[in-house]
Amino acid sequence: MTRLVLASASPRRLALLAQIGVTPDEVIVADIDETPLKGETPRLLALRLAREKALTVKADGIVLAADTVVAVGRRILPKAETEAEARVCLKLLSGRTHRVYTGVALKASDGTVRTRLAETRVSFKVLSEAEVERYIASEEWRGKAGGYAIQGLAARYVTNLIGSYSSVIGLPLYETANLIEDAS
């Protein structure tokens, strides 16, 4: 197989790749501005950011990049960095169905970029104030799109999921495996 570079420092993405038998040869963090463009939809944002990350990393071989966006309608939720942001996210998600979009981009050695998008619908139960505060206290939300980690404590709040579970964690494995296989 061609040399594979992962454009992410996410331990979750590394673990997901390992789950399908893929170990990157190198990890290089793609540092880009992730601010949505005016009028940009959540799905287009996820694809654009994944593509930009792949193009930013300069390396021999193929570069794999991804970005996950959580949205309630057209409202894009932040990667929560403060308790206040996490609280706003959890209150918006409470009792509602939201969408998680993960864009995946693979830059081939010749510079061409192929992308895929996974869209998953996730429904949350109505969260009590005490549940929100317990989750905030866990700090599991820190740096997570939409202020939660489905593979952790927040799993107890999910009433329904339609789509790719691994995409909600941060990397849709079916789409990623196909991109890698096609590039090899």
(Q) Side-chain heavy atoms nearer than 4.5 Å, only ILVMFWY residues, links allowed to pass through others: does that put I136 and L153 together? (A) yes
Q: List the atom of A177, the atom of I20, and the distance in Å for their closest heavy-atom pair.
A: CB-CD1, 4.0 Å
Q.
Just so I know, are the side chains of R12 and L171 near enough to count as touching, which here means a heavy-atom distance under 4.5 Å?
A. no
Q: Give a yes or no on whether a salt bridge exists between E85 and R142, defined as a side-chain N under 4.0 angstrom from a carboxylate O.
A: no
Q) Going by heavy atoms in the side chains, are R116 and N178 under 4.5 Å from each other? A) no
Q. With hydrophobic residues grouped by side-chain heavy-atom distances under 4.5 Å, do V22 and Y165 end up in a single group?
A. yes
Q | R13 side-chain N/O to G170 backbone N/O, donor-acceptor pair under 3.5 Å | A | yes
Q. T120 and S164: which non-hydrogen atoms are nearest, and at how many Å?
A. OG1-N, 3.0 Å
Q: Could you tell me the separation between the OH atom of Y101 and the CG atom of L47, rounded to the nearest 0.5 Å?
A: 11.0 Å
Q | Approximate separation, where rounding is to 0.5 Å, of L127 CG and R156 CZ | A | 10.5 Å
Per-pair distances, 0.1 Å, donor-acceptor, side chain in residues 56-65, under 3.5 Å, sequence neighbours excluded:
residue	atom	partner	partner atom	Å
T56	OG1	E52	O	2.7
K58	NZ	L55	O	2.9

Q) Should R3 and E26 be marked as a side chain to side chain contact (heavy atoms under 4.5 Å, CB included) after you check the CA-CA gap, both sets of side-chain angles, and the distance that decides it? A) CA-CA 8 Å; R3 189 171 186 279; E26 188 176 2; 2.6 Å; yes
Q) Quick check: does any side chain N or O of K53 sit under 3.5 Å from a backbone N or O of A66, one acting as donor and the other as acceptor? A) yes
Q.
Can you tell me how far apart CG (L45) and CG (L37) are? Round to the nearest 0.5 Å.
A. 7.5 Å
Q. Should the heavy atoms of other residues, nucleotides or ligands under 6.0 Å from CG of D31 be counted, would the total exceed 12?
A. no
Q: Return yes if some donor-acceptor pair links the side-chain N/O of T68 with the main-chain N/O of T102 below 3.5 Å, else return no.
A: no
(Q) Just verifying a value: how many Å separate I169 CD1 and I150 CD1, rounded to the nearest 0.5 Å? (A) 7.0 Å
Q. Are W141 and V122 connected in a single hydrophobic cluster, I mean Ile/Leu/Val/Met/Phe/Trp/Tyr linked by side-chain heavy atoms less than 4.5 Å apart?
A. yes
(Q) Using only atom types and a distance under 3.5 Å, with no angle test, would you say the side chain of D67 pairs donor to acceptor with the backbone of A46? (A) no
Q: List the steps, then state whether ring-ring contact (aromatic ring centres under 6.0 Å, His included) holds for Y148 with Y157.
A: CA-CA 10 Å; Y148 75 94; Y157 308 138; 9.0 Å; no
Q) Which distance, rounded to the nearest 0.5 Å, do you find between the CD of E119 and the CD1 of I162? A) 10.5 Å
Q) So, for L14 and P24, which heavy atoms are closest and what is the spacing to 0.1 Å? A) CD2-CG, 3.8 Å
(Q) Does L49 form a side chain to side chain contact (heavy atoms under 4.5 Å, CB included) with I32? I'd like the steps, not just the answer. (A) CA-CA 8 Å; L49 294 179; I32 65 167; 3.8 Å; yes
Q: Might you point out which heavy atoms bring S167 and V100 nearest each other, and give the distance in Å?
A: O-CG1, 4.3 Å
(Q) My understanding is that only one of E133, E131, E129 makes a salt bridge (charged side-chain N to carboxylate O under 4.0 Å, His left out) with K91; could you say which? (A) E129
Q) Is there a chain of hydrophobic side chains (I, L, V, M, F, W, Y, each step under 4.5 Å between heavy atoms) that links L173 to L161? A) yes
Q.
Using a 3.5 Å distance criterion without hydrogens, assess whether the side chain of K107 forms a donor-acceptor pair with backbone atoms of A54.
A. yes
(Q) Side-chain heavy atoms nearer than 4.5 Å, only ILVMFWY residues, links allowed to pass through others: does that put V104 and V113 together? (A) no
**Q.** Carboxylate-amine/guanidinium proximity below 4.0 Å for E34 and K79
**A.** yes
Q | Closest heavy-atom pair and its distance - A50, G103 | A | CB-O, 3.3 Å
Q. For P36 and R48, which heavy atoms make the closest approach, and how far apart are they?
A. CA-NH2, 4.0 Å
Q: Examine distances only and state if a side-chain atom of T176 and a backbone atom of P172 form a donor-acceptor pair shorter than 3.5 Å.
A: yes
(Q) Rounded at 0.5 Å granularity, tell me how far OH in Y174 sits from CG in L179. (A) 10.5 Å
